[in-house]
Amino acid sequence: MCLKFYGELLEAQNQPVHSSVSWAAERHLLSALMWTPEIRGPVAGNHRTCTGEDEQAEVSGSHWSSGHLSGSEAPARETVSSEAAGSACGSGLPVQVRPVYCLCVCVCVVCVCERERERERERETMCVSVYVLCVCLCVFLHCVCVCVCVCVSVCVCVCVCVCVCVFRHLLELLRRTAVHGESNSVLIVGPRGSGKTMLLGCVLRELMSLKEAQKNVLLVELNGLLQTDDKIALKEITRQLHLENVVGDKVFGSFAENLAFLLEALKKGDKSSSRPVLFVLDEFDLFAHHKNQTLLYNLLDVSQSAQTPVAVLGLTCRLDVLELLEKRVKSRFSHRQIHLFSSLSFAQYLDVVRAQLSLPPDFPDPKFSDEWNHSVTKLCEDKTVEEILRRNFNGSKDFRSLHSLLFLAVSRVSVSHSTLREADLIEAWRLISVDSKANVLHGLSILELCLIIAMKHLNDTYDGEPFNFQMVHNEFKKFIQRKSHSIHKFEKPVVMKAFEHLLQLELVRPVDSGVCKVQREYQLMRLMLEHGQVMEALQKYPQCPTDVKQWALSAFG
Amino acid sequence: MVSTPLSKWKLAAITSAPCGAYMNYAEGLMASNIPTSPQETAVDFQEMGLQDKLLRKPTNQSITRMSVTLQCPGYPEDTLRSLAERLPCRETQLATLLALMGQPDQYSYPSVFIYGHRATGKSHVVLSIMKDLELPHASVDCVECVSSGLLFHQVLSAFFGPDAAALLPRCPSLSDFVRLYKQMSSNSPATQTRYIILDRAERMRDMDFSLLPALLRLQELVNDNVTVILLSEIVWEKFRPNTGCFEPLLFHFPDYSKAELVQILSWDHHPSYTPELYASYINILLGVFFSVCRDLRELRHLAVLNFSKFCEPLEKGEAKESDIHKLWKNIEPHLQRAMQTVYLREVSSVQWEQQQMDEKEATTLRVLSAHAHIELPYYSKFLLIAAYLASFNPARTDRRFFLKSHGKIRKTNFLKKHEKTSNHLLGPKPFPLDRLMAIFYSVVDSRVAPTASIFSQISSLVTLQLLSQVGHDDQLDSPKYKCSVSLDFILAISRTVGFDVVKYLYDFL
């Protein structure tokens, strides 16, 4: 969302445009690539000026969604899996677009918000029309089965449609807790970088903008990385519910008692209804490692019994997370899971790249922005660039790796060359894709390299059995005696020191076996490098003596 | 020579490491002026079919390099220039880092992981940038942090002053840290990106398991403009937790080439000699050490230690500065000896310098390693020899070695070795006490009674860690031992008692 703030910001601050404009553009893009400001909305410094604007947009956006929700009824125990979405959206299409929502949710909210502002009066009708259009297209595609020529707009529509599905499903769930006081529990499962937190952030913001939810709901955010045991977690819950004063220095017998007291304290004056609490558990799987899973047990227990309305939202990247739960905990969970799998087609990926790199139309210097956008379009059509992007795409579909690639490329833009060039992307790709172990091998001394080769030979002869220093030294000595012209004989302690350096770099690793202490030279080790890696490093090694190379190439030491 | 403030802590922490005490000294050297050098990152790109495009790359880069350095808006230009001069051989890395950081008020990437070999200038470049450009930063050496609480304390006090750090509870958890950080940063939001620099980040893996993943996404957790920079010798793959985490931006500091090392080492030439002489000295030094060690600190240390020896013929008037060959002949064996002693830390730098002084008076002084002169009682020596034989010979060969009439064992049959590798490659095997005593009685010349003094000598050998007991201590009736000394050591020992141990070793028949 920070895309559009930037222009306004520049205008507001009356920055000199021309000399700094390319830098401004670059920085703007960099900040667009950074998700944090986007997720959290205006955070610090620059963004703060735009808060008012932002809120307005948010509110209008929320109306749009709530208008929808009243119309359609989400199934209560629906697991939004790819099959379900697939049948909804048409089988011929790349249906696997759901995870795009981490952009699309934003995009759709933003674009709808834009339109909202223009026609505030016809809000409801317009929204419905957008939705109907999407559905129509889906049905159309389903019937006609268009496979090949799927135009971009359709893709975007489908994306929006699918994300809206998940988005609305989740929102509806939370709204029920917030407004009607229903307890719920749900897990959002997806690989890292698939946008779980972002989805939840959008849903929560949407929810908090509902009038009836706003003053009623309490939000508790826990993170498995931070709250590493239940005691800390309980302290954090107390703090986030602002109940430190109420608890004071009471002593509780058990965790359950303590939690019950906290929830009791939230009851309203009339004692019949209490305020709903949303528990967000980031890195949900880590909570399962807590002792006896007390926290999870109690939270899910509360969500099952009709005490306080509680929604437990777990975010995790582990597919097998349910296996981690104890039986008593598992049985209290609603088994409602939302899976977010990345199944993006390359064409869509390219569009995302283009959209991410392009400057918004209201950029203060239209001439520059035109130039920039033109260069970006040209860049995306370039064969080499496409190849790079395809490789990155094949490596991982998540947007974080794309971001780091583009971040590196864009950070190379400077005043002297103010457009993004093909070379920048190639260089960025080179930095990203280089094998770090090869980098480390490049800096080893000749002696250390020889030891690596000796280990490689031992691995070849003994079929990957662990070896010790004595064997490596023996192999190395054989080489020195028989074939070497360039390498001199080294004292054993010197070789030992080189070996220990390799151990320190964790290129070799001790095999954990044996209870008693073993002398250093007889400790069993394994080489942590592949055959190919060693050979490749040898090719790149500066001024590598020929006899060493030949030794490495020979079949047996 | 400037000694850095970090030395005290480092000293305590590093002494266990192989190149312990001296590193502080060398680091002090480094801190005084570290010239470093550019790297042609010759990474081949065959996999992509982009060779032709990349071939143009180096020239392109070298043209833009200087201009890029000086083109970072938001920072004073003259500071940048002086910074580039102080880090003369790391321009590429400097420029890339500055580009990644962006202008001070902009958000930067949440976490950056910088790796490279020891003494390639990782910490120095990063810290110089921070200090010279006066950016808000907290620099923490993970070796110092025995608990994560110390780390939190240092970070908070660097950003928000000691008062903020005092608010931490006694054993702060990560949760406390994040809460305090949030609280503090809401009072004083970051106007510039705050940097947390974690040196020797590999140590963090031994701390709390959630510390590293949490710090990598600290920007998201505390909602502040903060970037975590991790510095390590070890590649990122070794850090990644099982379930993954936020991936930092990886950045490599390449090693110095030989030419660059010469250039850097030539910086600290002696004022009373010409730079050319020093350069040729450095070349000789590298000729000996380059194939073994590429650590800049170590090389600098060795260069400083041995320069006086190199200049000796010049001072005595035996050679002129142009007599490089003569000087080489003088210094070469000396450097070889240095490699076996001072490089291995068998003698300390001070001892090495003293030895050089003494050598002028008594040239015969042998440099001996600490292992070579250990004094043992007469029978202990034989016990040790017996233990060595028991450890490295198979039990079935004992008849052949230690019985006077060992019957008819055919030599060819006996020598047929079934083992693929000799015992000296596989290491010592455990043996029972009885076997040790039997071998001991047959190797020792005179008749010895199995008295308490003999047995107490065995246990004192265990205390000296020349033998090691296998299994539990409570096994009283038949304890098992293993010999844990090297062949060289046992040869030296047997020489003192006039016993030819090689004759009795199965591996050397």
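At a 4.5 Å heavy-atom cutoff, the contact between A:Thr228 and chain B is made by side-chain atoms alone. When heavy atoms are compared at a cutoff of 4.5 Å, B:Ser484 approaches chain A by way of both its backbone and its side chain. Of the atoms belonging to B:Gln465, it is side-chain heavy atoms, and not backbone ones, that fall under 4.5 Å from chain A. Both the backbone and the side chain of B:Glu233 come within less than 4.5 Å of a heavy atom in chain A. Both the backbone and the side chain of A:Leu444 come within contact range of chain B, with heavy atoms under 4.5 Å apart. Only the side chain of B:Glu237 comes within less than 4.5 Å of a heavy atom in chain A; its backbone stays farther off. Looking at B:Phe290, the atoms closer than 4.5 Å to chain A (heavy atoms on both sides) all sit in the backbone: N, CA, C or O. Both the backbone and the side chain of B:Val292 have a heavy atom closer than 4.5 Å to some heavy atom of chain A. Proximity to chain B involves both the backbone and the side chain of A:Leu505, based on heavy atoms less than 4.5 angstrom apart.
B:Arg345 has a carboxylate O that lies under 4.0 Å from a charged side-chain N of B:Glu298, or vice versa, which qualifies the two as a salt bridge.
For the set A:Arg239, A:Lys492, A:Gln543, the count of heavy-atom pairs under 4.5 angstrom toward chain B peaks at A:Arg239. The candidate from A:Val440, A:Ile232, A:Leu507 with the greatest count of non-hydrogen atom pairs under 4.5 Å with chain B is A:Val440.
Contact record, B:Leu216 with B:Phe246: CD1-O, 3.5 Å, taken as the closest heavy-atom pair.
Ring to ring, A:Phe469 and A:His473 are close: their centroids are under 6.0 angstrom apart. A:Tyr462 and A:Phe467 have their aromatic ring centers separated by at least 6.0 angstrom.
At distances below 3.5 Å, at least one donor-acceptor pair connects side-chain atoms of B:Thr193 with backbone N or O atoms of B:Gln106.
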